[in-house]
Amino acid sequence: MLTNAQIAATLEQVADLLEFQGANAFRVRAYRNAARVIRNLTHEVARLVAEAPHTLAEIDGIGTAVAEKCVTLVQTGRLPQLEALLDEIPESVLTLLRIPGVGPRKAAVLYRELGVATLDQLRAACEAQQVRALKGFGAKTEQAILDGLPVAEAAGQRVYWAEAEPLVAQLRDHLQACAAVDQLEFAGSYRRGKETVGDLDALVVSTAPHEVMEHLASSRLVAETLARGDTKMSVRLATGLQVDLRVVPPASFGAALQYFTGSKEHNVALRSRAKQRGLKINEYGVYRTVEGAEQYVAGATEEDVYGCLGLPVFPPELREARQEFHWADAGQLPELVVERDVRGDLHMHTTATDGVDSLPDMVAAAQRRGWEYVAITDHSQRVTMARGLDPHRLLAQWREIDALQAQAPAGFRILKGIEVDILEKGGLDLPDDVLAQADWVVASIHYGQRQPRAQITARIVQALANPHVSAIAHPTGRLLLRRDPYDVDVTAMLQAAKEYGKCLELNANPMRLDLDDVDCAAARELGVPIVICTDAHSVEGLDVMRYGVLQARRAGLTAADVANTRSWSQLRQLLGRAE
DNA sequence: GCCGTTTTCGGCCCGACTGTTTTCAGTCG
């Protein structure tokens, strides 16, 4: 069964190839738009195809044509249109698009005129000086392509949000030391809190743009300047990350911040709305045309810009053209969860298994953070690499917890927990009579991750059915930028969690952030509580809670949607158990 | 290819920068 992500990727590929062919740009956009809509859906297209195929075209952004293609794709696993396109254009030409400055038009000329279909062939063509002879190309373009080849080869290089964070802090310090900088904000996907970041967008208010640009270029972090104009500059950091700087006047700061925060799709939707109301929005402000002349209406703050359209300032995390405009229209913009709402952490490790800090140290660190409770959840015996706990060692740890609890300040609770493995053949790694004595049980998969969908889904659903299990940890097993999720049927998992009254984890580790934002939104819709947990293996590991909260915000979660914003006794009640 | 409180046809967000151009196309965000 095809997942929404797979269907979306197929439509994206069709869009790429159509664009390469020089197809109508709006047709290409329609495919990309449909891909985005499907990727963000909180229910599965494959299920709709099976149960109510005629409702597909009712989804905003999906018309009869794409709906039909989805049906074909889901039912046959193939898309004839895509196969026809791939007959005409080798898939490898799409790698040419990764070169900065090479888009579909130039790539098409390279392929058509020189037969270039791979990066290696392109390098050879450039070195033979064949590229500069092409119409629309020249010596500079040829050199730019040669310079850009390493970028393309290392392509798609995004960094974890958590990696971008210290770079932003350093750049912020550096830029704020410049006297010409009046206001500064980092926009883009960083401000939206996306789990990975492809570049950084710095926005500055200044009356002396060139001074600001000189100052940025002087940073130790900057390796090279890629482009520089009067208001805009691009540099590449030594780490490889690109930084785009825009300098704007004060009256435009809000409009520019709104614009450069994006997402692109959110902006397209916003500008369409503006247009419907006779307004125009660009990065300088909101304008109304009066008797042929453009009049500035607003732009100094984001409040002003959104306010012109009767809209609230959307939290940046929601600006993905998903539900935010519908929520705003209905006056139901969720009040997103914040880190101080979180009252405890329910997944962490100690030196008993693969943690590096002791049980007392982890507990003390949690207390210092102001949390009211923690669950100690070391690995179970199956995870031999981590010296997982057998019943004997686990019970010994729980006695240690009892002793610690006796000395703990009033109101602080140390929960006896375990991260119990879901075994390859199904079933849990510890007997029920042991699990029954735990306060909190997270079940997770570490082995048999490559099993087929039905098998791995059945394992998880079975774990959720176990009365002693409280939550599933890192429910899809993905590692950002490194490993795809395993082939679990997320909808079935959510429904099982709903049926058995269990929680699903949003693992806050910045390399996991699992469940992802779309699946967390689906959990919210279904009323399945999310627990945001650090999965800390050290005292410092507890710091990642904020990344999990950021991801929850992207999903539109409120404090009420997150179970560990409750007190422990309230959380127990939520799970239907008496204290 | 999608969509409809001007529309079932004719629109579809908008501007900066670069390089190759004699006035603009392509790319990018």
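Please read these numbers as outputs of a predicted model, since none were measured by experiment. To find a chain, count down the sequence lines: A is the first, B the second, and so on, and within it residues start at 1.
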Partners meeting side chain to side chain contact (heavy atoms under 4.5 Å, CB included) with A/Leu479 (sequence neighbours left out): A/Arg482, A/Arg483, A/Arg512
Side chain of A/Pro104 (C-beta onward), nearest among B/dT27, B/dG29, B/dC2: B/dT27
Atom pair distance, as rounded to whole Å: NZ in A/Lys135 and P in B/dG26: 10 Å
Interatomic distance, A/Ile99 CD1 vs B/dC28 C1' [rounded to whole Å]: 15 Å
Atom-pair distance (CZ on A/Arg32; P on B/dC2), nearest Å: 15 Å
Within residues 50-64 of chain A, residues whose heavy atoms come under 4.0 Å of DNA chain B: A/Ile59, A/Asp60, A/Gly61, A/Ile62, A/Gly63, A/Thr64
Separation of atom CG in A/Leu96 from atom C1' in B/dG26, rounded to whole Å: 15 Å
Residues which pass ring-ring contact (aromatic ring centres under 6.0 Å, His included) with A/Tyr190, listed by chain and number, not counting sequence neighbours: A/Trp161
A/Thr55 and A/Glu58 side chains, donor-acceptor separation under 3.5 Å: no
Atom P, compared across B/dC9 and B/dA16: separation rounded to whole Å: 37 Å
Residue met sooner reading DNA chain B from 5', once A/Val28 and A/Lys106 are mapped to nucleotides: A/Val28
Between B/dG1 (P) and A/Arg36 (CZ): distance, integer Å: 18 Å
Sugar-phosphate only, base, or nothing, as touched by A/Arg105 at under 4.0 Å among non-hydrogen atoms: sugar-phosphate
Touch class at under 4.0 angstrom, heavy-atom based, for A/Val102 against every strand present: sugar-phosphate
Sugar-phosphate, base or nothing in reach of A/Leu134, heavy atoms under 4.0 Å: nothing
Gap in Å between the two P atoms, one belonging to B/dT7 and one to B/dG1, rounded: 25 Å
Could you pull out every donor-acceptor pair under 3.5 Å between side chains of residues 62-70 of chain A and any protein atom, sequence neighbours left out?
none

C1'-based separation of B/dT23 from B/dG19 [nearest Å]: 14 Å
Donor + acceptor pair across side chains of A/Asn33, A/Glu265 (<3.5 Å): no
B/dT8 pairs with, by Watson-Crick or G-U criteria that keep both distances under 3.5 Å: none
Integer angstrom distance from the C1' of B/dG11 to that of B/dC17: 28 Å
Annotated protein contacts, base or backbone, on nucleotides 13-19 of chain B with a non-hydrogen cut-off under 4.0 Å, one of B, S, - each: BBSSSSS
Side-chain donor-acceptor pair present, A/Glu44, A/Thr491, cut-off under 3.5 Å: yes
Nearest heavy-atom neighbours spanning A/Thr261 and A/Glu302: OG1-OE2, 4.2 Å
Residues A/Arg228 and A/Glu214 bridged, charged N to O under 4.0 Å: yes
Integer-rounded Å distance: B/dG29 C1' and A/Leu241 CG: 15 Å
Rounded distance in Å - CD (A/Glu265) to P (B/dC28): 16 Å
Validation row, ring centre A/Tyr284 to ring centre A/Tyr296 under 6.0 Å: no
Could you pull out all donor-acceptor pairs under 3.5 Å where a side-chain atom in residues 19-29 of chain A meets a protein atom, sequence neighbours excluded?
{"from": "A/Glu19", "atom 1": "OE1", "to": "A/Arg32", "atom 2": "NH2", "distance (Å)": "2.4"}
{"from": "A/Gln21", "atom 1": "NE2", "to": "A/Glu88", "atom 2": "OE1", "distance (Å)": "2.6"}
{"from": "A/Asn24", "atom 1": "OD1", "to": "A/Phe26", "atom 2": "N", "distance (Å)": "2.6"}
{"from": "A/Asn24", "atom 1": "OD1", "to": "A/Arg27", "atom 2": "N", "distance (Å)": "3.1"}

Of A/Glu142 and A/Leu97, the one whose closest DNA chain B nucleotide lies more 5': A/Glu142
Whole-angstrom distance between B/dT20 and B/dG15, as gauged at atom P: 26 Å
Atom-pair distance (CG on A/Leu85; C1' on B/dG1), nearest Å: 14 Å
Any donor-acceptor N or O pair under 3.5 Å, side chains A/Tyr306, A/Gln258: yes
Distance, P atom - from B/dC13 to B/dC3, rounded to whole angstrom: 14 Å
